[in-house]
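Comments concern the structure below.
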Amino acid sequence: MKKDSGNSDFLYIGRKIGEWYRNNARDLPFRQTKDPYKIWICEIVFQQTRINQGLNHYNNFIERFPDVKTLAEAEENEVLLYWKGLGYYSRAINIHKAAQQIMNDYQGVFPSRYEEILKLKGVGKYTAAAVSSICFNGKMPAVDGNFYRVLSRLFADDFDISSSKAFSYFSELAQLVMPENVGDFNQAMMDIGSEICKPKNPLCGECPLNEDCLAFATQKISDYPVKTKKVKAEDLALTYYFVHRNGQFLIRQRGDDFIWKKLFEFPAAIPAGMQPFIVGSKTITHKLTHKNLSIEIFNVEVTSEKFWNDFITENQYLITDVEASHKKSFPKPLENYIQNSLKD
DNA sequence: GAAACGTGGTG
DNA sequence: TCACCAAGTTT
């Protein structure tokens, strides 16, 4: 199909999508507002995250941080706490910095122009387009994985979505179908992409575009989108020491490099020559996108008060207990380990 | 511009 | 079981 006609041959498709949205939009918490703060937060929360997975985090986050000022004035660790278990933790760090940007550079008023929204930490072209179109009648398509999938099937287009040029390519494709109301169009594409035009087993019978979809017409839906690059996960072994005494245990905060940015963890080493009492060890496997983790955790019960005090002082570890640890953000496997330690 | 970055659902 | 993938951004 020729798509470079440069006219509005496909505009009726975008209008159909908008019409479908106004009758079929999902009823989600952030669909009842045009508050750019809330739309921004929801766009960040749901990056690479399914609705069911992030909905509680979104609601809890908005309840605790209802506006830009509250978020900007919060401690970074509390923002991370509300992100616990959600993954991609730099999102929480960036969201906090962006709130401070809005306070400092925009007098606390959320910027309305795409180019200004794009300057916020953690906001890329997708999020800037989504917020500006939903809240401020902006005209940029919010091109994400849903756009890639829906458009590549609609036009039976074999452009490689794992190519670095995919964003600009599908942005131009989106321009062919995009109607006047870009906000509704963008949100419609999210709903169609996630509920109907799913990666596996798409519900083509319910799709408002099934009469227009070239992949459906040729029964080649499973051929699209084309994706050539695969992520390869490497093995990585981690060692931790769950060092505890009288119901308390030791933790420290990670740096903002590598995985699990600024989350808390257990000591990764014990000093040579100081032999504490090791009860045993447990090995946990945990998959990240590009790492297969094998985490061995030694259960170290410290009987010597002197060892305990020296160990803490020399290494500047923090002392906590199971109850207090609920107020800190841990990686999922360590969070699970702490919960299970209650059963001992 | 390629690689890094979490977690959980799905077939 | 396990590879794939989900409302991307940063470096």
**Study point:** A/Tyr89 ring center within less than 6.0 Å of A/Trp260 ring center
**Key:** no
Study note, to complete from the structure: Here the distance between atom P of C/dT9 and atom NZ of A/Lys125, to the nearest Å, is 9 Å
Exercise for review: Could you give the distance separating B/dG6 and C/dC5 at their C1' atoms, to the nearest angstrom?
Suggested key: 13 Å
Practice item. Taking the six-membered ring for Trp and the full ring for Phe, Tyr or His, determine whether the centres of A/Phe46 and A/Phe30 are under 6.0 Å apart. Key: yes
**Study point:** A/Asn94 CG to C/dT11 C1', straight-line distance once rounded to whole Å
**Key:** 12 Å
Revision key, fill the gap. For A/Leu118, the other hydrophobic cluster members (4.5 Å side-chain criterion, sorted by chain and number) are A/Tyr114, A/Met140
Point to revise | Qualifying residues under side-chain hydrogen bond (donor to acceptor under 3.5 Å, both in side chains), relative to A/Gln53, sequence neighbours excluded | key: none
Review point. Using the P atom in both, what is the distance from B/dG8 to C/dT9, to the nearest Å?
Key: 22 Å
Point to revise | Any residue meeting salt bridge (Lys or Arg N to Asp or Glu O under 4.0 Å) with A/Lys34, in chain and number order, not counting sequence neighbours | key: none
Point to revise | Contacts of type ring pair (Phe, Tyr, Trp, His ring centres under 6.0 Å), residue A/Phe185, not counting sequence neighbours | key: A/Phe147
**Study point:** Salt-bridge present (A/Glu180, A/Lys139; N to O < 4.0 Å)
**Key:** no
Check your understanding: Where along residues 110-122 of chain A does a heavy atom fall under 4.0 Å from DNA chain C?
Key -> A/Lys121, A/Gly122
Point to revise | Listed once per pair and sorted, the ring pair (Phe, Tyr, Trp, His ring centres under 6.0 Å) pairs that draw on residues 295-316 of chain A, sequence neighbours left out | key: A/Tyr241-A/Phe298, A/Phe307-A/Phe311, A/Phe311-A/Tyr317
**Study point:** Whole angstrom value for the distance that separates P of C/dT9 from CD of A/Glu43
**Key:** 9 Å
Check your understanding: Which residue, A/Ser163 or A/Asn336, contacts DNA chain B at a nucleotide closer to its 5' end, judged by nearest heavy atom?
Key -> A/Ser163
Practice item. Using the heavy-atom set of chain A and a strict 4.0 Å cut-off, write down the first and last nucleotide of DNA chain B that makes it in, 5' to 3'. Key: B/dG1 to B/dG11
**Study point:** Nearest-angstrom distance from the residue atom CH2 of A/Trp83 to P of C/dG8
**Key:** 13 Å
Review point. Using a distance-only test with no angle check, is there a side-chain donor-acceptor pair under 3.5 angstrom linking A/Gln253 and A/Asn77?
Key: yes
Practice item. Return the value, rounded to whole Å, for the distance between atom CZ of A/Phe147 and atom P of C/dA7. Key: 11 Å
Point to revise | Integer-rounded Å distance: C/dG8 C1' and A/Tyr89 OH | key: 17 Å
Practice item. Find the distance A/Asp144:CG to C/dA7:P and express it as a whole number of Å. Key: 6 Å
**Study point:** C/dC2 and B/dC5, which share atom name P, separated by this distance in whole Å
**Key:** 23 Å
Review point. Among residues 221-237 of chain A, which residues get a heavy atom nearer than 4.0 Å to DNA chain B?
Key: A/Lys229
Practice item. Write down the distance separating the C1' atoms in C/dG8 and B/dG1, rounded off to the nearest Å. Key: 15 Å
Practice item. For DNA chain C, find the residues of residues 15-41 of chain A with a heavy-atom distance under 4.0 Å and give them by number; none if there aren't any. Key: A/Arg26, A/Leu28, A/Phe30
Study note, to complete from the structure: Rounding to 0.5 Å, atoms NZ (A/Lys38) and CZ (A/Arg31) come to a distance of 16.0 Å
Point to revise | A/Ser325 and A/Glu335 side chains, donor-acceptor separation under 3.5 Å | key: no
Point to revise | Any A/Thr127 side-chain nitrogen or oxygen under 4.0 Å from OP1 or OP2 of C/dA7 | key: no
Check your understanding: How would you list, by chain and number, every residue that makes a side-chain hydrogen bond (donor to acceptor under 3.5 Å, both in side chains) with A/Lys328, sequence neighbours excluded?
Key -> none
Check your understanding: Under the 4.5 Å side-chain heavy-atom rule for ILVMFWY, direct or indirect, which residues accompany A/Val109?
Key -> none
Practice item. Kindly state whether the ring of A/Phe155 and the ring of A/Phe10 have centres lying under 6.0 angstrom apart. Key: yes
Review point. Over how many whole Å does the gap from A/Ile93 atom CD1 to C/dG8 atom P extend?
Key: 20 Å
Practice item. Select base, sugar-phosphate, or nothing to describe what A/Leu288 touches, counting heavy atoms under 4.0 Å on all strands. Key: base
**Study point:** Polar contact flag, side-chain donor to acceptor under 3.5 angstrom, A/Ser304-A/Arg245
**Key:** no
Check your understanding: With nearest nucleotides of DNA chain B determined for A/Arg91 and A/Asn201 from heavy-atom distances, which residue corresponds to the more 5′ nucleotide?
Key -> A/Arg91
Review point. For A/Gly54, which contact category applies under a 4.0 Å heavy-atom criterion: base, sugar-phosphate, or nothing?
Key: nothing
Exercise for review: Could you tell me whether A/Phe167 contacts a base, only the sugar-phosphate backbone, or nothing, with contacts defined as non-hydrogen atoms closer than 4.0 Å?
Suggested key: nothing
Exercise for review: Assess the pair A/Phe266 and A/Tyr337: is the distance between their ring centroids shorter than 6.0 Å?
Suggested key: yes
Point to revise | Positions of residues 44-52 of chain A (non-hydrogen atom under 4.0 Å from DNA chain C), listed by number | key: A/Phe46, A/Gln47, A/Gln48, A/Arg50, A/Ile51
Study note, to complete from the structure: Here the pair of heavy atoms bringing A/Asp321 nearest to A/Gly247 is CB-O, 3.4 Å
Practice item. With salt bridge (Lys or Arg N to Asp or Glu O under 4.0 Å) as the test, would you mind laying out the steps for A/Glu296 and A/Lys282 before giving the verdict? Key: CA-CA 6 Å; A/Glu296 185 170 23; A/Lys282 177 194 264 185; over 6 Å; no
Check your understanding: Expressed as a whole number of Å, how far does the P atom of C/dA7 sit from that of B/dG11?
Key -> 15 Å
